[in-house]
There are 2 protein chains.
Amino acid sequence: MPDRRPPDDHDHASCIEDALTEAETICAERGARLTDLRRRVLELVWTSHEPVGAYDILSSLGGDGRRAAPPTVYRALEFLLENGLIHRIESLNAFVGCPSPKAPHSGQFLLCTACGTATELTDGAIQSAVAQAADRIGFRTGHVTLEIKGLCRHCAGGAAAAPRAHAH
Amino acid sequence: MPDRRPPDDHDHASCIEDALTEAETICAERGARLTDLRRRVLELVWTSHEPVGAYDILSSLGGDGRRAAPPTVYRALEFLLENGLIHRIESLNAFVGCPSPKAPHSGQFLLCTACGTATELTDGAIQSAVAQAADRIGFRTGHVTLEIKGLCRHCAGGAAAAPRAHAH
DNA sequence: CCCTCCATCGCTATATTGTACCCTAGAAGC
DNA sequence: GCTTCTAGGGTACAATATAGCGATGGAGGG
């Protein structure tokens with residue numbers, strides 16, 4: 001793992017709180033059951049803006065005296081995915097909270113290889129370019145995975161011009 | 001696994017042959033060593049247009065009397081990736097041959113969930129939309145993963161389920 | 001109120017995918 | 001001839017994910 005810096009100076013506690021509140025609302029509306037376990041897993045995913053592995057969550061769950069097993073975590077993650085509360089980052093085998101879960105969508109992600117932060121985009125131009133390209137060859141689009149690896153403004157800025165200046 | 005249909009009526013033998021020939025040329029130009037093993041792995045990746053798992057390759061290699069071990073395959077795959085001869089499909093943990101390896105690039109893929117075929121795109125509009133979106137927030141773009149799951153023209157057409165506008 | 005149904009979760013075991021590490025052979029350079 | 005480096009054989013293990021079975025407890029019908 002590369003060095004990690006805080007993604008930004010923001011009040012992350014309120015990030016978490018907002019996410020949990022919104023999740024409660026959404027689940028209530030849909031009649032989906034946001035159980036204690038699912039809520040806790042969602043909270044753990046939101047621990048930071050860095051995607052979290054299923055087994056990291058597993059360890060954190062174990063911290064409270066009870067030992068959890070993989071299926072427990074994967075089932076909770078599946079529920080959260082189905083309800084659009086989190087996204088899976090395919091290229092990292094990890095999960096990240098969705099900042100706007102009201103309307104389910106395929107996420108677009110900027111993944112900083114220096115600080116690990118995942119930033120979700122919702123760029124219409126990308127969406128329509130993808131839709132057009134698919135349409136042009138008669139492909140019916142389902143879920144779209146877009147993951148862009150690189151350096152976030154913060155990390156790229158610190159490194160100045162040379163792209164490899166950040167390497168260790 | 002869903003049903004698989006042949007991706008198309010094309011002369012796949014010549015696909016493979018072309019890919020191998022081009023690989024030879026490229027490696028010769030670069031002074032990279034396309035050894036027997038690497039060539040065989042490339043050939044196995046090109047067995048079809050469906051992404052192939054590392055352990056599938058491993059089994060196929062074992063077929064000739066010698067038993068291969070995982071690192072053998074992964075090392076060969078790493079070489080092929082570095083030289084742009086194959087791409088990794090993150091959402092499937094699998095590999096597919098690159099049809100235009102002369103100029104290394106991040107691939108854009110249409111993945112049919114019915115027949116399994118991976119079709120590589122090189123769409124400039126998508127590329128520039130991604131570049132602009134990243135640029136706008138000061139993100140320095142590295143590798144881009146774009147994987148679109150859905151139904152290819154063939155499978156969507158056959159499914160009769162209201163195929164909207166067979167573009168063309 | 002009781003009872004059935006079924007979603008949820010605990011748990012064991014196992015499958016799948018990917019790496020660390022050590023060693024040998026043979027080519028490349030001097 | 002000797003060193004050095006790349007490629008690859010092989011074991012062991014790490015990391016990620018799923019199959020399947022049983023227990024529990026709440027929701028709703030009788």
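To find a chain, count down the sequence lines: A is the first, B the second, and so on, and within it residues start at 1.
Between B:Leu61 atom CG and D:dG10 atom P the separation is 12 Å, expressed in whole Å. In this structure, B:Arg40 atom CZ and D:dG9 atom C1' are separated by 14 Å, rounded to whole Å. Atom C1' of nucleotide C:dT8 and atom CG of A:Leu77 are separated by 15 Å, given to the nearest angstrom. Put simply, CG on A:Leu58 is 14 Å from P on D:dT18, counting in whole angstrom units. Between the P atom of D:dA17 and the CD1 atom of A:Ile89 lies a distance of 13 Å, rounded to the nearest Å. A straight line from CG of B:Leu92 to C1' of D:dT16 spans 16 Å, rounded to a whole angstrom. A straight line from CZ of A:Phe79 to C1' of C:dT8 spans 11 Å, rounded to a whole angstrom. For A:Glu78 and D:dA19, the CD to C1' distance is 13 Å, given to the nearest whole Å.
At a threshold of 4.0 Å, the pair A:Asp135-A:Arg140 does not count as salt-bridged, since none of the basic side-chain nitrogens sits closer than that to a carboxylate oxygen.
Under the rule for a ring-ring contact (aromatic ring centres under 6.0 Å, His included), B:Tyr74 has no partner lying at least two apart in sequence or in another chain. Under the rule for a side-chain contact (heavy atoms from CB on, under 4.5 Å), A:Ala28 has no partner lying at least two apart in sequence or in another chain. Applying the ring-ring contact (aromatic ring centres under 6.0 Å, His included) criterion to B:His12, with sequence neighbours excluded, gives B:His10, B:His49. Every side-chain hydrogen bond (donor to acceptor under 3.5 Å, both in side chains) that A:Arg39 has, sequence neighbours left out, goes to A:Glu24.
Contact between the side-chain N/O atoms of B:Thr35 and the OP1/OP2 oxygens of D:dG8 is found at a separation under 4.0 Å. For B:Thr72, no side-chain nitrogen or oxygen approaches OP1 or OP2 of D:dG8 to under 4.0 Å.
A donor-acceptor pair is defined here as one N or O able to donate and one able to accept, closer than 3.5 Å; such a pair exists between the side chain of A:Arg38 and the backbone of A:Arg33.
Two rings, from A:Phe109 and A:His87, have their centers less than 6.0 Å apart.
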Checking B:Glu90 against B:Thr145 for the side chain to side chain donor-acceptor pair (under 3.5 Å) test, could you report, in this order, the C-alpha distance in whole Å, the side-chain angles of both residues, the deciding distance, and whether it holds? CA-CA 8 Å; B:Glu90 300 289 350; B:Thr145 299; 4.8 Å; no

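Relative to the axis of its first five pairs, the axis of the last five pairs of the helix from C:dC1-D:dG30 to C:dC30-D:dG1 sits at 20°, rounded to 10 degrees.
At least one side-chain heavy atom of A:Cys27 sits under 4.5 Å from a side-chain heavy atom of A:Leu85.
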At under 4.0 Å between heavy atoms, which parts of nucleotides 18-30 of chain C does protein reach? Answer with one letter per nucleotide, 5' to 3': B base, S sugar-phosphate only, - none. BBB----------

